[in-house]
There are 2 protein chains.
Amino acid sequence: MPLDLRPSDALGLWHAATLEHVRVIGPDLTIRQLAILLHIYLAPPPHTVRGLAAMLGVTKPVITRALDTMGHMGLVRRVRDERDRRNVIIKRTVEGALFVEKLGDIIIAEGRKLSLSEGSGA
Amino acid sequence: MPLDLRPSDALGLWHAATLEHVRVIGPDLTIRQLAILLHIYLAPPPHTVRGLAAMLGVTKPVITRALDTMGHMGLVRRVRDERDRRNVIIKRTVEGALFVEKLGDIIIAEGRKLSLSEGSGA
DNA sequence: CTGCATCATTTCGGAACCGAATTATACTGA
DNA sequence: TCAGTATAATTCGGTTCCGAAATGATGCAG
C-alpha cells in the first residue's frame, strides 16, 4: 500500500517537520549526515564506508568525516572488520537510536497536525 | 483529516527522500536553509528577516547569511520594504519555486515507493 | 532636531565541510 | 616474497557556517 501524497501535503509535512527539526535539534547535523544516519539505522547492516559512499554518490572522505562528527556525538560507532581488516563496520548506538526515534516523533507529530487535502483520488 | 504515520513509515519516508535529496540536489543546502526556503514558499507572505529568525528560533545573522547564499543561487530575492525601509521583504523566484517543486516530486515519488504498514488503526 | 528603539547587516575568531590528491594499512595472486 | 589492488583515513587550500558582538540605517517619540 503506497503512500500517495499530494504536492501540498508532501511539502507541508516537510515544511513542518524540517522547521521543528531545526527548532528542537539545532544545526548540528547536515543533510548528508542525516541521510547517512538514517541509512545506518533503517537499512540492514553491515554498513561500510565504501557502501555508504556508493549509496549517496559521494566520495569516501565525506563518509569518513561524517562518521568522525557523528561518532564524536555518540550517534554511531566504528568497528574494524576482523574478517577483512581493511573494512570498517559502522555500528549503531543507543544514543543514535534515541536520536532517530526523536526525529520519528517529530515527523509523526507534525503529520498528525496536518490537514490533508482529501477526496481527489479520482 | 490528519496524516497518521507509524514510526517505521515516517522514518522510512524520511530516509528515502533524504537520500534522494542528497543524490539529486547535493550538499548545497543546509537543514536551516531548507527550513527557511520551505517556509518562504509555503507560508503566506510577507516574510522578513526578523520573522524568519523568530520562527526558527535562531539569530538574525543566520537568516541574513542563508539569504545571501540562497539569493546567490537564485532561490530567493530581497526587496526593501518601502513602508518601513528598515525591513527587508523576502520574495519568491521562479527558480526557487521550481526547486521546491522538485523537492516535492522527490518526496511524493519516494512515498509512492513505500510499502506502508497498515491496519493498526486500533 | 535629538536621543532612543528597531531593523538588517557586517565583523570577528573558531570550527566544520568541500573536493582532490595523497598516505597508510591490509588483502590477493603470481 | 613481491607487485598490484582495495580499503579507510589524512592532508591541502579554499569556502561556508557558527554564535556573539559591533555597525549602519531607518523610524519614532518627545
Side-chain angles (χ1 to χ4, degrees), chain A residues 18-19 21-40 45-91 99, chain B residues 18-19 21-40 45-91 99:
Chain A
T18 304
L19 220 102
H21 179 149
V22 170
R23 274 197 286 242
V24 172
I25 297 176
D28 291 340
L29 223 52
T30 68
I31 291 190
R32 280 178 166 181
Q33 288 167 356
L34 180 61
I36 293 168
L37 190 70
L38 287 174
H39 191 73
I40 291 169
H47 301 291
T48 65
V49 172
R50 173 180 159 70
L52 292 171
M55 167 77 44
L56 287 162
V58 302
T59 59
K60 281 184 284 189
V62 169
I63 306 296
T64 295
R65 280 188 296 251
L67 293 180
D68 287 346
T69 302
M70 294 192 294
H72 192 265
M73 294 185 207
L75 300 180
V76 298
R77 190 163 50 91
R78 275 190 257 226
V79 177
R80 274 281 163 203
D81 182 357
E82 290 303 332
R83 310 267 193 177
D84 182 341
R85 293 184 52 75
R86 290 172 301 180
N87 290 330
V88 164
I89 307 295
I90 295 99
K91 297 282 195 179
F99 181 98
Chain B
T18 303
L19 221 101
H21 180 149
V22 170
R23 274 198 285 241
V24 172
I25 295 175
D28 292 340
L29 222 50
T30 69
I31 292 190
R32 282 179 165 182
Q33 288 166 355
L34 180 61
I36 294 168
L37 190 70
L38 285 174
H39 191 74
I40 291 169
H47 301 291
T48 65
V49 172
R50 173 179 159 69
L52 293 170
M55 168 76 42
L56 288 162
V58 301
T59 59
K60 281 185 285 187
V62 169
I63 306 296
T64 295
R65 282 187 294 249
L67 293 180
D68 287 345
T69 302
M70 294 192 293
H72 192 265
M73 294 185 207
L75 300 180
V76 298
R77 192 163 49 92
R78 274 191 259 228
V79 176
R80 273 282 162 200
D81 181 358
E82 289 304 330
R83 310 265 194 180
D84 182 340
R85 295 186 50 78
R86 288 173 303 179
N87 292 329
V88 164
I89 307 295
I90 295 97
K91 298 282 194 177
F99 182 97

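Proteins come first, then strands; the chains are lettered A, B, ... in the order of their sequence lines, and each starts at number 1. All of these numbers come straight from a predicted model, not from anything done at the bench.
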By salt bridge (Lys or Arg N to Asp or Glu O under 4.0 Å) - contacts of B:Asp84 (at least two apart): B:Arg86

Whole-Å gap separating P (D:dT15) and CG (B:Asp68): 16 Å

Base-contact (B) and sugar-phosphate-only (S) positions in nucleotides 20-30 of chain D, heavy-atom cut-off under 4.0 Å, - elsewhere: -B----BS---

side-chain contact (heavy atoms from CB on, under 4.5 Å) between B:Leu38 and A:Leu19, intermediate numbers included: CA-CA 9 Å; B:Leu38 285 174; A:Leu19 220 102; over 6 Å; no

Contact list for DNA chain D against residues 26-39 of chain B - heavy-atom distance below 4.0 Å: B:Arg32, B:Gln33

Spatial distance of atom CG (A:Leu37) from atom CG (A:Leu29) [nearest 0.5 Å]: 6.5 Å

Residues forming a salt bridge (Lys or Arg N to Asp or Glu O under 4.0 Å) with A:Arg85, sequence neighbours excluded: A:Glu82

Closest-nucleotide ordering on DNA chain C, the 5'-leading residue of A:Thr69 and B:Asn87: B:Asn87

Side-chain heavy atoms of B:Leu52 within contact of B:Ile40, under 4.5 Å: yes

Nearest-nucleotide 5' precedence on DNA chain C, A:Ala66 against B:Leu67: B:Leu67

Qualifying residues under ring pair (Phe, Tyr, Trp, His ring centres under 6.0 Å), relative to A:His39, sequence neighbours excluded: A:His47, B:His15

Distance, rounded to the nearest Å, where A:Ile63 contributes CD1 and C:dC17 contributes C1': 13 Å

A:His72 NE2 to C:dA16 C1', straight-line distance once rounded to whole Å: 13 Å

Selected nucleotide, minimal atom distance to A:Lys60 side chain, candidates D:dA8, D:dA9, C:dT10: D:dA8

With sequence neighbours excluded, residues passing side-chain hydrogen bond (donor to acceptor under 3.5 Å, both in side chains) with B:Arg23: B:Glu20

Report, one line per pair, each donor and acceptor closer than 3.5 Å where one atom sits in a side chain of residues 62-78 of chain B; sequence neighbours left out.
{"residue": "B:Thr64", "atom": "OG1", "partner": "B:Lys60", "partner atom": "O", "Å": "3.4"}
{"residue": "B:Asp68", "atom": "OD1", "partner": "B:Arg78", "partner atom": "NH2", "Å": "2.2"}
{"residue": "B:Thr69", "atom": "OG1", "partner": "B:Arg65", "partner atom": "O", "Å": "3.2"}

